[in-house]
Amino acid sequence: MKTGERSRMLRGMTQDGSARITVLNSSSMVARAAALHKTSPTAMAALGRCLTAVSMIGVMLPEKEDSATLMLNGDGPAGRVLCVSDYYGNVRGYIEHPGVDLPRKANGKLDVGGAIGHGTLSLLRDITGADLPQSGTVPLVSGEVAEDVASYFAESEQIPTICALGVLVGGGEVCLAAGGVLIQLLPFASEETVALLERNTASLSHISDCFHQGMSNREIAALALRDIAFDVFDELEVEYRCTCSRGRMLEGIRRLGRKKVCEMLDEQEAEGKPRELEANCRFCNTAYVFGEAELMEEKEESRA
Ligand SMILES: [Zn+2]
């Protein structure tokens with residue numbers, strides 16, 4: 001996998017207007033996330049599936065400044081998985097315990113459901129101009145992510161949805177391939193098309209193998225929409241992209257208040273360390289170190 005390579009997404013619709021489809025080859029996105037978070041194979045699959053899903057959800061946001069956050073809160077050893085997408089489908093995310101690894105299931109698949117456990121899936125959309133984010137929460141069906149996402153749309157938004165997600169992990173814990181398909185029915189979908197879509201879902205059960213074999217997004221769309229005429233709207237490039245910066249991290253620490261920051265610096269000193277604080281970005285693991293002078297500096301606006 002070349003670094004800096006982008007993941008590719010295809011968006012289309014059936015010609016009869018029954019359903020829209022999104023296909024994402026997220027291999028490079030997931031490989032980047034795995035490298036940043038040093039994930040075990042099971043954690044890579046869990047995080048990779050969530051990143052793939054949230055990217056396909058993110059591109060449906062209405063405005064350029066909007067964001068979508070997908071959160072899996074399970075009681076399994078992986079802990080929480082949180083992934084964010086922007087309007088363009090660029091994502092960032094983390095898994096609470098990236099080292100968690102479980103034995104493979106009897107069918108040879110990674111035990112993502114076991115790592116996530118029982119709990120809830122939440123989707124939160126921050127929409128420009130809305131007073132509060134739109135959010136919904138549903139119980140996890142299996143913790144395998146794809147069916148949990150489908151269940152979210154069906155239960156929380158009344159949109160019948162087919163979702164397939166897969167991450168193929170090779171020896172040496174490398175991401176060989178990753179990707180997903182999201183199909184959503186539109187109002188007044190034809191019964192005939194719905195029946196064909198349901199029949200076709202079986203061919204999506206090994207979606208990561210399809211990407212690994214080198215199938216294009218268009219070929220995978222044709223597999224999911226076999227015997228259904230469809231048009232491709234557009235193809236976009238998306239990637240793993242962190243939005244952190246030194247300035248934003250500093251703001252985050254200052255928001256704790258001068259008193260709290262002073263106490264933290266005193267604690268550092270009491271432990272024989274320099275009077276400085278380190279903050280790590282959860283999404284890319286970049287460490288930012290701030291000295292006392294910088295932390296205590298009065299902000300321009302507060303001086304005015
Ligand atoms: Zn970051």
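Just so you know, ligand 1 is whichever comes first in the structure, and atom 1 is the first atom listed for that ligand.
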Student: Quick check with a 6.0 Å cut-off and a 45 degree axis cone: is Arg92 positioned over the face of Phe283's six-membered ring?
Tutor: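 Yes; both conditions hold, so Arg92 lies above the ring face of Phe283.
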Student: Between Arg125 and Glu157 (salt bridge meaning N to carboxylate O under 4.0 Å), is one present in this structure?
Tutor: yes
Student: Is there a salt bridge (Lys or Arg N to Asp or Glu O under 4.0 Å) between Arg32 and Glu5 once you walk through the steps?
Tutor: CA-CA 10 Å; Arg32 173 94 182 111; Glu5 196 180 315; over 6 Å; no
Student: Calculate, to the nearest 0.5 Å, the distance between atoms OG and OH belonging to Ser55 and Tyr88 respectively.
Tutor: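 Here the interatomic distance stands at 14.0 Å.
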Student: Distances under 2.8 Å only: what protein N/O/S atoms are near the Zn ion (ligand 1), ordered by chain and residue?
Tutor: Cys242 SG, Cys244 SG, Cys281 SG, Cys284 SG
Student: Begin with the C-alpha distance, continue with both residues' side-chain angles, and end with the deciding distance and a verdict on side-chain contact (heavy atoms from CB on, under 4.5 Å) for Glu276 and Phe290.
Tutor: CA-CA 5 Å; Glu276 56 190 28; Phe290 302 100; over 6 Å; no
Student: Tell me, please, which residues at least two apart from Glu263 pass salt bridge (charged side-chain N to carboxylate O under 4.0 Å, His left out).
Tutor: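 Counting only residues at least two positions away or on another chain, Glu263 forms a salt bridge (charged side-chain N to carboxylate O under 4.0 Å, His left out) with Lys259.
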